[in-house]
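Chain A is the first sequence line, chain B the second, and so forth, proteins listed ahead of strands; every chain is numbered from 1. Values below: every heavy atom of this structure, side chains too, minus hydrogens, waters and symmetry copies.
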Amino acid sequence: METEFRAKRAAGRKLLVPYITGGYPGWQDAVRACAAAGADAIEIGIPFSDPVMDGPIIQQASQAALEGGATPVNILHEIRSLDVSIPIAVMLYYNTVHHAGHERFAAQLRSAGVVAAIVPDLPLEEAGPWCEAADAAGVETVMLAAPTAPDERLPRVAARSRGFLYSVGLLGVTGERTELAATAAALAVRLKAVTDVPVLIGVGVSNAAQAKEAVQVADGVVMGASVVRRLIEGGAEAMGEYIAEVRRAIDE
Amino acid sequence: MSLMAEPSASGRFGEFGGRYVPETLVPACQELEASFIEAWADPVFRAELDDVLRTYAGRPSILTECKQLGAKLGLRLVLKREDLNHTGSHKINNVLGQALLAKRMGKKRLVAETGAGQHGVASATAAALFGMECKVYMGAVDVERQALNVFRMKLLGSEVEAVHSGSRTLKDAVNEAMRDWVATVETTHYCLGSVMGPHPYPWMVREFHRVIGQEARAQCIEEFGDVPDVVVACVGGGSNAIGIFSGFVDDRSRLVGVEPAGGAAVSRAQPGVVHGMRSYLMQDEYGQVQEAHSISAGLDYPGVGPEHSYLASIGRAEYPNVTDAEVIAAFQLLARTEGIIPALECAHALAWIVRAAPTMQGQTVLMNLSGRGDKDVAQMMDVLAK
């Protein structure tokens, strides 16, 4: 994914990565709709019982998916048969990996065609064993950088990140906000100064206008709650229209 | 060196513990660790905490020998009376320590999770005492079964938010408190209520409860001339157990932590990662955290503090479990034979003592009576009417 993202950035394209909760009714159609509407990669959430980085919308989607019988195994199986041409990343909490075992889980991702993993409760100090297993299996581990990090920490986080670097837009959990937080641009600027890994702002990027604002300083955006809410309220088609609207805004 | 010394630099007790938190919280955990190390080595801080424990919480807590019940069971049964502390449980020890530390760090707001409400009440109390703002997250199921404690927290000036996600009990209250902390970390201290969570909490909370074990050991030596043969405490997250174990871990005493049958994380011995720590955790075949079920809200937790997992893994402490029916019987037994109504949590420890008594004839058994049962009376009225 990183090679592709770097090439697109070099060509002047801003990167758009929507998030879809795996296992939520209609999620596979939603992934295809995202791809068709101009997404550069898709982040598929593997639902977890205790999602501490997620706000109400993604919690609701995760719980619905779990109640519908979603498991990491069947989501990965379904990812394999998705047949979309853009890279697929997964977002999951660390116990899902820990429980399966690092090497085994990395191999499962690889064979499902997943190219990258985002593990929001696995900070730099704890990430070593998983990152090594993922590297060995050819799966990129995207690290998160937070606005609270002191300057000396950012280059170390960036150096361990593969695929892209996830610049956490605000102090808080996933969810829609009325404005893009001032911390979003500030952190992206700090990160761009210390790394050439593509920097994408996520958490709290809530509509097309905010996405456009974010890509003034960042290489792209990850959008979750606003995407999932449209999937919940209007299905894959409404969600696809929204992705297309964001695409137009960041291409302007 | 003591078996319960400092954890490793990465916050581990053996292979348990660590700091599995979102990146946003890493600097806050590091700051807390540094502040705690500095404060704990500062005689001024220690004196301030000792003073508030003595003049406000009512320490030291006494030992009570249960002569009637001991005779009935064929052993010497001694209670460490943490139920007599201000706010009615051991939780105040940790909360006063953390609140003083938060004040020292310049944080003006506390967030806390609570199960039975004892930690929430203690947090609300400390916030009132030190003039801090406090918000307590409590599972919606627990809000209902512990209505009295909800009212106490509000009376003390704290905000109580019912958590409706997941199993709507303690584990979900922890999730919600962590979400709050992620958003407010610059002004807020997360006053975690047990020996769990990310490093430095399991260590720091243990140190704040070490006073239980220190007092108990000195009291046992003075009154009985020896350490007890057996030390027993209930275990949810495990703070009262760690507190009393810390006094005897390097002695010959047998250490017993009693879990509820529906929340027996240690018995299953399956490591997992949730709430910032690697420890034994009840989970399904895909690593989804399972819901614990216990008559006592305070033990309704699918995990356990990492140091307990360590003590179990090396065989230094044992962790049997008891059923709700045994707990209900023990709750009434202590009330009728000794005139003490225990918290349902502590009734777990007594239930195990009753069961294991035939194998402990003539021995001295020290039980941590970590909380009083007033909060459980309304619930038990319903249970016993059935």
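When A:Ala146, A:Pro72, A:Ser49 are compared by the number of non-hydrogen pairs under 4.5 Å with chain B, A:Ser49 comes out ahead. Each of B:Lys171, B:Gln270, B:His275 has some count of heavy-atom pairs under 4.5 Å with chain A, and the biggest count is that of B:Lys171. Among A:Pro51, A:Ala149, A:Pro56, A:Gly55, the residue with the largest count of heavy-atom pairs under 4.5 Å with chain B is A:Pro51. Each of A:Gln63, A:Met143, A:Arg153, A:Gln60 has some count of heavy-atom pairs under 4.5 Å with chain B, and the biggest count is that of A:Arg153.
The 12-atom threshold is not exceeded at NZ of B:Lys108, counting heavy atoms of other residues, nucleotides or ligands nearer than 6.0 Å. Atom CZ of B:Arg104 has more than 12 neighbouring heavy atoms from other residues, nucleotides or ligands inside a 6.0 Å radius. No more than 12 heavy-atom neighbours from other residues, nucleotides or ligands sit within 6.0 angstrom of CZ on A:Arg104.
Heavy-atom distances place the backbone of A:Pro47, and not its side chain, under 4.5 Å from chain B. In this structure, chain A has heavy atoms under 4.5 Å from both the backbone and the side chain of B:Pro271. Heavy atoms of A:Ala127 lying under 4.5 Å from chain B are absent altogether. Using a 4.5 Å cut-off between heavy atoms, B:Pro22 touches chain A through backbone and side chain atoms alike. Looking at A:Val119, there are no atoms closer than 4.5 Å to chain B (heavy atoms on both sides), in backbone or side chain. In this structure, the portions of A:Phe48 lying under 4.5 Å from any heavy atom of chain B include both its backbone and its side chain.
When side chains are defined from C-beta on, A:His98 counts as touching B:Arg278, because their heavy atoms get closer than 4.5 Å. Inter-residue side-chain proximity for B:Asn175 and A:Asp50 is flagged as met; some heavy-atom pair is nearer than 4.5 Å. Using a 4.5 Å heavy-atom cutoff, the side chains of B:Leu281 and A:Asn95 are in contact.
Of residues 287-301 of chain B, those residues with a non-hydrogen atom less than 4.5 Å from any non-hydrogen atom of chain A are, in numerical order, B:Gly287, B:Gln288, B:Val289. Among the residues in residues 179-188 of chain B, those with a non-hydrogen atom closer than 4.5 angstrom to a non-hydrogen atom of chain A are B:Arg179, B:Val182, B:Ala183, B:Val185, B:Glu186.
The two residues B:Glu23 and A:Thr148 have their closest heavy-atom pair at O-OG1, 4.2 Å.
Here NE2 of A:His99 is found 7.5 Å from CD of B:Glu285. Values are rounded to the nearest 0.5 Å. Interatomic distance, OH of B:Tyr286 versus CD1 of A:Ile46, reported as 12.0 Å (0.5 Å rounding). Summarising the geometry, atom OG belonging to B:Ser10 is positioned 10.0 Å from atom CD belonging to A:Glu125; distances are rounded to the nearest 0.5 Å.
The pair A:Glu126-B:Arg12 meets the salt-bridge criterion, since a charged nitrogen lies less than 4.0 angstrom from a carboxylate oxygen.
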